[in-house]
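Below: the structure, in structure tokens.
Both ligands and their constituent atoms are indexed starting at 1 by order of listing. Values below: all heavy atoms of this structure, side chains included; hydrogens, waters and symmetry mates excluded. None of these values were measured; they are calculated from a predicted model.
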Amino acid sequence: MTDRQQLYEGKAKVIFEGPEDGTLVQYFKDDATAFNAQKKDVITGKGVLNNYISEHIMQAVEQIGIPTHFLERLNDREQLIRELEIIPVEIVVRNVAAGSICPRLGLEEGSALPNTLVEFCLKDDALGDPIIAAEHITTFGWASADELDVIYDDTLRINDFLTGLFHGIGVRLVDFKLEFGREQREDGVRVILADEISPDNCRLWDAQTNEKMDKDRFRRDLGGLIDAYQEIARRLGVTVPDLA
Ligand code: TMP
């Protein structure tokens, strides 16, 4: 893998210390988990695909003026990123009803939502990442009201931009999850986009057939996850090397 000092291991990625102060290295594993890691597998090549796809999307997000932690892809599995203090809140954006909102609110998968929904979950595996209100975030100090404003504005802009980007390649952006963090800078602290944007944390349906092209292929034992991720990369114009 690498001889760098490991700082943190998550379910799909490992974080190592970076070559310079203020940087880290993010390593993409082939591990797939679902339902708070009750379901697990290793899917050879998934990490490489997510590394390349997330690089492409993070760079596109930067180009519309939203700062992210992404600095540079180092190799097939690693990215150089800015060191952040991760805000322990997962931001879920839903354009179409799918996944956990369906049983929670009695909705049918694929049904239209009256408008785009932004939900917040506490990032805490031991508690099963419970859904929370914005008021919990400020009450418990996970983020300030000003930070939450930045997160909300960036999230809606990212949704508009990515909805269009995927529409252009015949894919429906059904929902996705974002994380943000605080970067210490000489001029103060700023909140920027963290983590990854890949088929692991988005629901992506083929616009013609509604075929699932994301991690639901693993969650629901549909098979063909690598083919689907490769097709997303191909449509985005991302060249990914041999996956072994
Ligand atoms: P959900 O329908 O399971 O709540 O998921 C909503 C979106 O968030 C979906 O695109 C998958 C993504 N997601 C993650 O990236 N990580 C998670 O831990 C969960 C629960 C969802």
Report yes if the side chains of Asn210 and Arg172 come closer than 4.5 Å at any heavy-atom pair, otherwise no.
-> yes
Pairwise ring-ring contact (aromatic ring centres under 6.0 Å, His included) hits with a residue in residues 99-150, at least two apart = Phe140-Trp142
Considering the heavy atoms of Ala98, write down every atom of ligand 1 situated less than 4.0 Å from one of them.
-> 2 (O)
Among all protein heavy atoms, pick out the one at the shortest distance from atom 14 (C) of ligand 1; state its residue, atom name and that distance to 0.1 Å.
-> Lys177 CE, 3.5 Å
For atom 19 (C) of ligand 1, find the nearest protein heavy atom and state the residue, atom name and distance (0.1 Å precision).
-> Glu90 OE1, 4.6 Å
Keeping to residues at least two apart or across chains, list the salt bridge (charged side-chain N to carboxylate O under 4.0 Å, His left out) pairs with something in residues 123-138.
-> Lys11-Asp125, Lys123-Glu179
Closest to atom 1 (P) of ligand 1 among protein heavy atoms sits Ser100 OG, 3.3 Å
Asp206/Arg235 ion pair, N-O < 4.0 Å | yes
Quick look: Val92 vs ligand 1, heavy-atom contacts under 4.0 Å, and the answer is side chain
Could you tell me if any non-hydrogen atom of Cys121 lies under 4.0 Å from any atom of ligand 1?
-> no
Closest non-hydrogen protein atom to atom 5 (O) of ligand 1, residue and atom name please, with distance?
-> Arg203 NH1, 3.5 Å
For ligand 1, note which part of Lys215 has a heavy atom under 4.0 Å away: side chain, backbone, both or neither.
-> neither
Pull out every atom of ligand 1 sitting under 4.0 Å from any heavy atom of Phe176, numbered as shown with elements.
-> 10 (O)
Closest approach of any protein heavy atom to atom 10 (O) of ligand 1, naming residue and atom | Asp175 OD1, 2.5 Å
Give a yes or no on whether a salt bridge exists between Arg203 and Asp175, defined as a side-chain N under 4.0 angstrom from a carboxylate O.
-> yes
Should Lys46 and Asp200 count as an ion pair when the cut-off is N to O under 4.0 Å?
-> yes
Atoms of ligand 1 under 4.0 Å from any heavy atom of Gly99, numbered from 1 in the order shown, are 2 (O)
Salt bridge or not for Arg217 and Glu231, using N-O below 4.0 Å?
-> no
Does ligand 1 have an atom that lies less than 4.0 angstrom from a heavy atom of Arg219?
-> yes
Does Lys39 NZ have over 12 foreign heavy atoms under 6.0 Å away?
-> yes
Glu119 near ligand 1 by a heavy-atom separation under 4.0 Å = no
NZ/NE/NH1/NH2 to OD/OE distance under 4.0 Å, Arg4 and Glu17 = no
For Asn201, the atoms of ligand 1 under 4.0 Å from one of its heavy atoms are 10 (O), 12 (C), 15 (O)
Pairing of Asp227 and Arg234 as salt bridge, 4.0 angstrom limit = no
Those atoms of ligand 1 less than 4.0 Å from some heavy atom in Cys202 | 10 (O)
